[in-house]
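The structure appears right after this line, and notes come after that.
Remember, it's a predicted structure, so these values are computed and weren't measured experimentally.
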Amino acid sequence: MRRVLLTALAAALALAGCGAEASGGGKVTVFAAASLTESFTRLGAEFEAAHPGTAVTFNFGSSATLAQQIVQGAPADVFAAASPATMRTVTDASLAGAPVTFARNKLEIAVPAGNPAKVRTPADLADPGVKVALCAEQVPCGVAAAQALKAAGIRVTPVTLEQDVKATLTKVRLGEVDAALVYRTDVLAAAGEVRGIPFPEADRAVNDYPIAVLDDAPAGDLAKQFVQLVRSPQGKDVLAEAGFEAP
């Protein structure tokens, strides 16, 4: 009799757990590119409001670093990358199905609000007297910067290479450099602290942002619902307000 009761109790708890996820309870973990920090944080709050009892946990950082963490076994439900190349690190390891592109982003020159170095064009970044920060070449914003500078026919010697776009922008915000190449969305997020300078060659280095639910996602149903929110009209509005372009 005791064994029967324990079996029944275990089954009841399992059903309760399933019911909790179905009704919105539980936790969903999202690994996302640093440039998605503001927009995804907002979407996470909206997701939690629509799913009482659910917590959305974010791990923001370099897409390349996040992809490696996932391959090495870090628990995650959703991966949103800043480039198809970094997403392929995960899909090539058979850890996620076919990703979907949900947004696009492009670079601007970011300068301190007062623009003390009088930077106007990409050519100014080649001036040895101008201190420039770039993303490291192995991360998406670094790849895009290299492509844009090549399109402009400019060779830049940065004073620092940072591991993600937020760290690169911080160098400008703190006045440690005269300029940096960062995403338009990050310039908008730092409104008032930095100034963005668009340049035509940025159109040659536009980044597609793919998103995927991981195959072994602990909260698979919630993960799918979060991706649906990102791709919904509501999600598109949030991304557009942040400066992302539609794919």
Query - Residues V71, T89; criterion side-chain contact (heavy atoms from CB on, under 4.5 Å); working and verdict - result: CA-CA 8 Å; V71 169; T89 299; 3.9 Å; yes
The criterion is salt bridge (charged side-chain N to carboxylate O under 4.0 Å, His left out); which residues satisfy it with [X], sequence neighbours excluded?
X	value
E201	none
D92	none
E241	R42

For a quick test of reading the model, state the closest non-hydrogen atom pair linking [X] to [Y] and the distance between them.
X	Y	value
L161	C135	CD2-O, 3.7 Å
K166	A34	CE-O, 3.3 Å
D203	K106	OD1-NZ, 2.8 Å
A179	L125	CB-CD2, 3.6 Å
T29	P75	CG2-O, 3.8 Å
V56	G44	CG2-O, 3.9 Å

[Y] reachable from [X] in the ILVMFWY side-chain graph, under 4.5 Å edges:
X	Y	result
F79	V230	no
V143	V165	no
L169	I109	yes
V206	Y209	no
L188	V172	no

Report task. Count the heavy atoms of every other residue, nucleotide or ligand shown that sit under 6.0 Å from CZ of R120, and state whether that count exceeds 12. Result ->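 Count over threshold, so yes.
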Query raised in the report: Heavy-atom count around D215 CG within 6.0 Å, excluding the residue itself: above 12?
Result: yes
Query raised in the report: Just checking, any donor-acceptor pair under 3.5 angstrom between side chains of T86 and S83?
Result: yes
Query - Polar contact flag, side-chain donor to acceptor under 3.5 angstrom, D186-S35 - result: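 No donor-acceptor contact under 3.5 Å links the two side chains.
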Euclidean distance, [Y] [atom2] relative to [X] [atom1], rounded to 0.5 Å:
X	Y	atom1	atom2	result
S63	N207	OG	CG	8.5 Å
F244	L36	CZ	CG	4.5 Å
S232	E46	OG	CD	8.5 Å
E38	L239	CD	CG	11.5 Å
Q225	H51	CD	NE2	4.0 Å
T101	R231	OG1	CZ	9.5 Å

Query - Test side-chain contact (heavy atoms from CB on, under 4.5 Å) applied to V119 and V130, step by step - result: CA-CA 8 Å; V119 173; V130 176; 4.0 Å; yes
Query - Proximity of F47 and F226 rings by center, below 6.0 Å - result: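 Yes - the distance between ring centres of F47 and F226 falls below the 6.0 Å cut-off.
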Side-chain contact, heavy-atom cut-off 4.5 Å: [X] with [Y]?
X	Y	value
L222	D77	no
Y183	E108	no
V78	V227	yes
F60	T41	yes
C141	V139	yes
P112	V194	no
T168	L134	no
R155	L149	no

Query raised in the report: Between F199 and L107, is a side-chain contact (heavy atoms from CB on, under 4.5 Å) present by the stated rule, with each step listed?
Result: CA-CA 8 Å; F199 60 103; L107 300 174; 4.3 Å; yes
Query raised in the report: Is the side chain of D127 donor-acceptor paired with the backbone N or O of D124 at a distance under 3.5 Å, no angle test?
Result: no
Query raised in the report: side-chain contact (heavy atoms from CB on, under 4.5 Å) with E137: which residues, sequence neighbours excluded?
Result: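 For E137, no residue satisfies side-chain contact (heavy atoms from CB on, under 4.5 Å) once neighbours in sequence are set aside.
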Query raised in the report: Salt bridge check: are R104 and D208 linked by an N-O gap of less than 4.0 Å?
Result: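 Looking at D208 together with R104, the answer is yes, because their closest N to O distance falls below 4.0 Å.
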**Report entry** Any pair counted as ring-ring contact (aromatic ring centres under 6.0 Å, His included), so long as it reaches residues 118-148, sequence neighbours left out
**Finding:** none
Query raised in the report: Which residue pairs pass the ring-ring contact (aromatic ring centres under 6.0 Å, His included) test with at least one member in residues 85-118, sequence neighbours excluded?
Result: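 Qualifying pairs, neighbours excluded: F40-F102.
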Query raised in the report: Are R184 and E245 close enough, and set up right, to give a side-chain contact (heavy atoms from CB on, under 4.5 Å), and what steps lead you there?
Result: CA-CA 10 Å; R184 175 174 180 264; E245 299 176 356; 5.6 Å; no
